[in-house]
There are 2 protein chains.
Amino acid sequence: MASIKDVAAEAGVSVATVSRVLNDHPSVSAEARTRVLAAVQTLGYRPNAVARSLRTDQTHTLGLVISDVMNPYFTELARSVEEEARALGYSVIIGNADERPDLQDHHVRNLLDRRIDGLLVSPTDGGSPLMLDAVRAGTPMVFVDRWIPGVDVPVVRTDGRAAVRDLVAHLHELGHRRLAIIAGPAATTTGRERVEAFREALGEYGLELPDAYIGQGDFQAESGRRVTEGFLDLPEPPEVVFAADNLMALGALDAVRARGLRVPDDLALAAFDDIRWFVHTDPPVTAIAQPTGELGRAAVRALVDRIEGRPGESVTLPGRLVVRRSCGEPPNPPQSPTPVQRSTS
Amino acid sequence: MASIKDVAAEAGVSVATVSRVLNDHPSVSAEARTRVLAAVQTLGYRPNAVARSLRTDQTHTLGLVISDVMNPYFTELARSVEEEARALGYSVIIGNADERPDLQDHHVRNLLDRRIDGLLVSPTDGGSPLMLDAVRAGTPMVFVDRWIPGVDVPVVRTDGRAAVRDLVAHLHELGHRRLAIIAGPAATTTGRERVEAFREALGEYGLELPDAYIGQGDFQAESGRRVTEGFLDLPEPPEVVFAADNLMALGALDAVRARGLRVPDDLALAAFDDIRWFVHTDPPVTAIAQPTGELGRAAVRALVDRIEGRPGESVTLPGRLVVRRSCGEPPNPPQSPTPVQRSTS
DNA sequence: CAGGTCGATGTAATCGATTCCATGAGTTCC
DNA sequence: GGAACTCATGGAATCGATTACATCGACCTG
């Protein structure tokens, strides 16, 4: 592969001049410029990004460590992150932690070794020493979706509190009183917050959230299935389960189906995270939608701000309830959509 | 960030010795080794991968350019690629082409500039000059899923021919005679092959595939919707549509639903690519499953073989028909599964 | 016209690693 | 005891870029 020296030789100038042309430095004669450009053409020269990074100490690369690529929510997030980054002149390297702290550390270490300019993380746990060290060492970082309390890093996330309240109102209106939740890992902020928001909202209707109705999941489908089976085995099973993410909702659907039961008649279902497939499931699933694309873009902007020396602010966007049929038919069926009903199904 | 010089100073040895310890070269005294390791510890030193790559001319990184990350099939492929690569000591940088040749070129160029060791591509089109140049220049490359004819690069893919034949047999048995297909872009091998396989299979049953029953899609949901609406507007609409990928099937589902029609009664549906959501759609969708994980792993192995100087072989794996309910109830409902029926729904 | 400014260019240091080569100490063997 | 080796180590070149600094005309100005 041709290097800058070859171009210099071909054009009959020094490597410095070639470099100046390539980085369009003002002080280059038109003559030299055309000669260099011609040489670049004939040799098919492309600057070596590795060498450039070594010298300039910047890679124009962002690291993104997400909890689970197979989760459509994170896939969409990753996509919007890449788009915005590209628009700002950065590339993105994605690391998939698969909800495993050890894998998360592996990717963080790898990305740090590659000297990425900044890191976008959706932490799987309460924060490994490695990550905390990176923050302390001054690596530009931004948390997306989940975050680690007590760490001074901007957070870009959804506040689902209001939407959860809307959801509980909706469930209450449909006559449901025994509401259960499939929680995410307690080590994650989203795992804890969604339970808290749910409990609070229930409180507003004078309802309790007994321990038996809090199932411990791990954001994966299998755990949703397991927890739902536990619920169904209870002497007094819940009337509704609220899954704290879309994959656990899928698992819940599996469990109900495996027993030959039906949603919503035997058990109603709602989920955090709206994904396009929920429109087509049987029945379409009521869910809390996050402004995923906006989240990804905001996170990249905050990170790039940090990298380029600007403040870089936290952003919190509201979630939104999308009512479908998985919690029961609305009591007033044929009617124009109310503010709460923004279903696309 | 501490460099190898700092470590050398701290340990009281030369940088050469530090490097030798780190790459465990045999000729280092135990004494020196422990001193260096101690220094590495106290400084929290991590080798700079950028500098190392510049010197050794290898990045231990694979590039993966896929057609569309939001497509669950490719997401799963990407995941298995990353896993296998990690097992072999490589990282992966994913580029999402979004079915756009210009974006594909952008990513290929970017990856080449970063001097990745090898490239895994699922081409969006017939092959840009850029990609052909890269092959000619000797960049280790492997095609996954789709490929470019006439280019000497190993191909790892699914042969769906037999499964398509099974599908047509199934449809024929259910009494369907007017079968239509939503094709992928003609510029892709998978776009063409699936139509061909379908046509051939129809031929075996004495059925034709009229032009009106070949809808031109682009592997995105919206095109599936559009094409399906076209089919439904025909004076004599088809009884079945076979979508050449899962997203177009989703679009077809949308179109049918939007007209207040039902699957399979008004229009039956089958898809290429099986994804977990198909179990839960209304109705569950009959699909041709690809051995996606195995495909990703085989592709990585072939690529790493090439990189490390071994041959690197093409691999073709068979697809498999998974019968569900979207084409109609099997004529003999309560019966043990036949070889063709391997449904998980 | 001497001195200063400015624009174009080249030389060389530098980034952080790896690795060839030289050196010197310690062993082995005849 | 000296030649021949081995082993551990350090010095320095190298990878391919960027960039500070030096140089050298050409031009401007008083």
- Task: Consider the side chain of A:Ser29, meaning its heavy atoms from C-beta on, and name the nucleotide among D:dT19, D:dG16, C:dA8 that approaches it most closely.
- Result: C:dA8

- Query: Looking for any heavy atom pair under 4.0 Å, which part of the strands does A:Ser27 touch: base, sugar-phosphate only, or nothing?
  - Reply: base

- Item | Candidates D:dG10, D:dT18, C:dG16 - which lies nearest the side chain of B:Ser14 | D:dG10

- Message: When you measure from the side-chain N and O atoms of B:Lys5 to the phosphate of C:dA17, is any distance below 4.0 Å, counting only OP1 and OP2?
- Response: no

- Query: Would B:Arg301 and B:Glu294 count as a salt bridge (Lys or Arg N to Asp or Glu O under 4.0 Å) if you check the C-alpha gap in whole Å, the side-chain angles of each, and the deciding distance to 0.1 Å?
  - Reply: CA-CA 11 Å; B:Arg301 283 193 297 265; B:Glu294 198 41 59; 3.1 Å; yes

- Query: Hey, is the side chain of A:Arg20 pairing donor to acceptor with the base of C:dG10 inside 3.5 Å?
  - Reply: yes

- Does a distance-only test, which skips hydrogens and angles, find a donor-acceptor pair under 3.5 Å between the side chain of A:Arg52 and the base of D:dT18? no

- How long is the line joining CD1 of A:Ile4 and C1' of C:dG10, in whole Å? 13 Å

- Item | Selected nucleotide, minimal atom distance to B:Arg55 side chain, candidates D:dG16, C:dT9, C:dT18 | C:dT18

- Over how many whole Å does the gap from B:Glu31 atom CD to D:dC7 atom P extend? 19 Å

- Taking the side chain as C-beta and beyond, is there a heavy-atom pair between A:Leu37 and A:Arg33 under 4.5 Å? yes

- When rounded to whole Å, the CZ to C1' distance for the pair A:Arg46 and D:dA17 reads 14 Å

- Hey, is the main chain of A:Pro154 close enough, under 3.5 Å, to the side chain of A:Ser314 for a donor-acceptor pair? no

- Item | Identified side-chain hydrogen bond (donor to acceptor under 3.5 Å, both in side chains) partner of A:Arg86 from the options A:Glu84, A:Glu82, A:Glu83 | A:Glu82

- Is there a donor-acceptor contact under 3.5 Å from the side chain of B:Thr17 to the main chain of B:Val15? no

- Query: What nucleotide among D:dT18, D:dG16, C:dA17 has an atom nearest to a side-chain atom of A:Val15?
  - Reply: D:dT18

- Message: I want to verify a distance call: between D:dT18, C:dG16, D:dG11, whose nearest atom is closest to the B:Ala51 side chain?
- Response: C:dG16

- Respond yes when some side-chain nitrogen or oxygen of A:Thr17 is under 4.0 Å from OP1 or OP2 of C:dG10, and no when none is. yes

- Winner on side-chain proximity to B:Tyr45, out of C:dA17, D:dT18, D:dA17, is C:dA17

- Any side-chain heavy-atom pair from B:Thr158 and B:Pro291 closer than 4.5 angstrom? yes

- Item | Integer-rounded Å distance: D:dG16 C1' and A:Asp57 CG | 16 Å

- Message: Nearest whole Å is fine: how far is C:dA17 C1' from B:Gln58 CD?
- Response: 13 Å

- Task: Would you mind telling me which residue lines up with the more 5' stretch of DNA chain C, B:Leu54 or A:His25, judged by nearest nucleotide?
- Result: A:His25

- Just checking A:Ser19: base, sugar-phosphate only, or nothing, at a heavy-atom cut-off of under 4.0 Å? base

- Identify whether any heavy atom of B:Val13 sits under 4.0 Å from a base atom; if not, whether one sits that close to sugar-phosphate; answer base, sugar-phosphate or nothing. sugar-phosphate

- Message: Rounded to whole Å, how long is the line connecting atom CE of B:Met1 with atom C1' of C:dG16?
- Response: 13 Å

- CZ of A:Arg35 versus P of C:dA8: gap in Å, rounded? 15 Å

- For the pair made of CG in B:Asn48 and P in C:dT14, what is the distance, rounded to whole Å? 18 Å

- Query: So what does B:Asn23 hit on the nucleic acid, given a heavy-atom distance under 4.0 Å: a base, only sugar-phosphate, or nothing?
  - Reply: sugar-phosphate

- Message: By the 4.0 Å heavy-atom rule, please label A:Ala49 as base, sugar-phosphate, or nothing.
- Response: nothing

